[in-house]
Amino acid sequence: MQRNEQNKFMSITTLNQTDAFTIVELLIALTVISLILVISPTVWTNLNHQPQTERYSVQQFFHAITDEIQTNRLAEQAHDKLVLSNLANEQIVISKYQDLIRRQVNRTGHEILLRDVKQFLVYYSDDYVEVMITMNSGEVYEKTITIFVQK
């Protein structure tokens, strides 16, 4: 009889010592997983910020050349650069140089207007100029700029 009681005691202690998750551990794990799921979209957006920066840079570039085209006269029509002349007869050239678009006055200077450019094309009409930029990322940006100054 003493042996049966001893077997019962051993089987009870064996059941209590099995490895398993408690409800508290399960709740902690679910809390950690839910926090990771809540934070992950924000982290992903911050890691993938380059296209926004590129888009803003291109918009700023288009704004700058719009001002140049509308305040100066077209001097030459070339498809790989924009050549303008101002009232002081200075020649303003906006062209691609390596992977940059730069602005030069009288063929001097090196004012960088845009970086990481793969292709820069200019198309002319009597009333407007169309500028197309292909970036190293593969994105293509186009802008049609109305000419206000008489030729």
Side-chain angles (χ1 to χ4, degrees), residues 12-151:
I12 290 173
T13 57
T14 306
L15 286 176
N16 286 339
Q17 291 179 353
T18 59
D19 292 329
F21 288 109
T22 65
I23 192 91
V24 173
E25 292 171 332
L26 184 62
L27 289 174
I28 291 171
L30 287 174
T31 304
V32 169
I33 290 171
S34 63
L35 286 173
I36 290 171
L37 289 175
V38 167
I39 293 172
S40 63
T42 306
V43 171
W44 179 256
T45 302
N46 289 337
L47 289 176
N48 196 11
H49 72 282
Q50 180 62 29
Q52 289 179 345
T53 304
E54 180 179 282
R55 186 181 51 194
Y56 293 142
S57 296
V58 171
Q59 285 177 353
Q60 183 178 7
F61 166 75
F62 282 144
H63 181 73
I65 65 166
T66 299
D67 286 346
E68 292 282 356
I69 290 171
Q70 291 177 350
T71 57
N72 299 304
R73 298 176 195 263
L74 288 174
E76 186 181 315
Q77 293 187 2
H79 290 294
D80 60 342
K81 61 185 169 185
L82 187 60
V83 183
L84 306 164
S85 65
N86 62 14
L87 294 175
N89 286 330
E90 294 176 323
Q91 188 180 51
I92 300 166
V93 178
I94 298 172
S95 62
K96 185 176 179 302
Y97 174 74
Q98 295 176 354
D99 67 339
L100 308 170
I101 295 179
R102 69 178 177 183
R103 179 183 183 268
Q104 293 181 302
V105 178
N106 291 331
R107 304 283 181 192
T108 61
H110 187 80
E111 181 182 351
I112 297 172
L113 299 177
L114 190 61
R115 297 178 184 277
D116 300 324
V117 177
K118 185 175 184 180
Q119 186 178 31
F120 175 63
L121 296 172
V122 183
Y123 301 102
Y124 299 91
S125 173
D126 291 338
D127 300 325
Y128 64 88
V129 174
E130 187 173 337
V131 178
M132 187 176 83
I133 298 169
T134 305
M135 303 298 286
N136 286 340
S137 66
E139 291 290 322
V140 177
Y141 299 93
E142 293 182 41
K143 173 83 173 178
T144 302
I145 302 165
T146 305
I147 301 171
F148 291 131
V149 177
Q150 296 295 324
K151 291 183 180 182

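A distance of 14.5 Å separates OH in Tyr128 from NZ in Lys143, rounded to the nearest 0.5 Å. Going from atom NZ of Lys118 over to atom CD of Glu139 covers 12.0 Å, rounded to the nearest 0.5 Å. Here the straight-line distance linking atom CG of Leu84 with atom CD1 of Ile69 works out to 6.0 Å at 0.5 Å rounding. To the nearest 0.5 Å, atom CG of residue Asp116 and atom CD of residue Glu54 are 7.0 Å apart. Here the straight-line distance linking atom CD1 of Ile94 with atom CD1 of Ile65 works out to 6.0 Å at 0.5 Å rounding. The line from CD of Gln60 to CG of Leu114 is 9.0 Å long, rounded to the nearest 0.5 Å.
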Would you sort out whether Met135 and Val117 count as a side chain to side chain contact (heavy atoms under 4.5 Å, CB included), showing the intermediate values? CA-CA 4 Å; Met135 303 298 286; Val117 177; 4.2 Å; yes
Please evaluate residues Leu82 and Leu74 with respect to the criterion side chain to side chain contact (heavy atoms under 4.5 Å, CB included), reporting the C-alpha separation (whole Å), side-chain torsions for both, the decisive distance (0.1 Å), and the verdict. CA-CA 8 Å; Leu82 187 60; Leu74 288 174; 3.9 Å; yes
Apply side chain to side chain contact (heavy atoms under 4.5 Å, CB included) to Ile145 and Gln70, showing your working. CA-CA 8 Å; Ile145 302 165; Gln70 291 177 350; 4.3 Å; yes
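Applying the side-chain contact (heavy atoms from CB on, under 4.5 Å) test between Phe120 and each of Ile133, Leu100, Thr134 identifies Ile133 as the sole match.
Counted within 6.0 Å of CG on Leu35, heavy atoms from surrounding residues, nucleotides or ligands total more than 12; the atom is thus considered enclosed. Within a 6.0 Å radius of CD in Gln59, more than 12 heavy atoms belonging to other residues, nucleotides or ligands are found.
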Pairs under 3.5 angstrom only: tabulate donor-acceptor contacts from the side chains of residues 22-32 to other protein residues two or more places apart or in another chain.
| unit_1 | atom_1 | unit_2 | atom_2 | d |
| --- | --- | --- | --- | --- |
| Thr22 | OG1 | Glu25 | N | 3.3 |
| Glu25 | OE1 | Thr22 | N | 3.1 |
| Thr31 | OG1 | Leu27 | O | 2.8 |

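Residues Lys96 and Asp80 fail the side-chain proximity criterion, which asks for heavy atoms closer than 4.5 Å. Considering only heavy atoms from C-beta on, Met132 stays 4.5 Å or farther from Glu130 through its side chain. At least one side-chain heavy atom of Tyr141 sits under 4.5 Å from a side-chain heavy atom of Arg55.
Minimum interatomic distance between Thr66 and Phe62 (heavy atoms only, all atoms of both residues): OG1-O, 2.6 Å. Nearest approach of Ser95 to Lys81, heavy atoms of both residues: CB-CB, 3.6 Å.
Applying the ring-ring contact (aromatic ring centres under 6.0 Å, His included) definition to pairs two or more places apart or across chains, those involving residues 82-109 are Tyr97-His110. Under the side-chain hydrogen bond (donor to acceptor under 3.5 Å, both in side chains) criterion, the residue pairs touching residues 85-94 are Asn86-Glu90, with sequence neighbours excluded.
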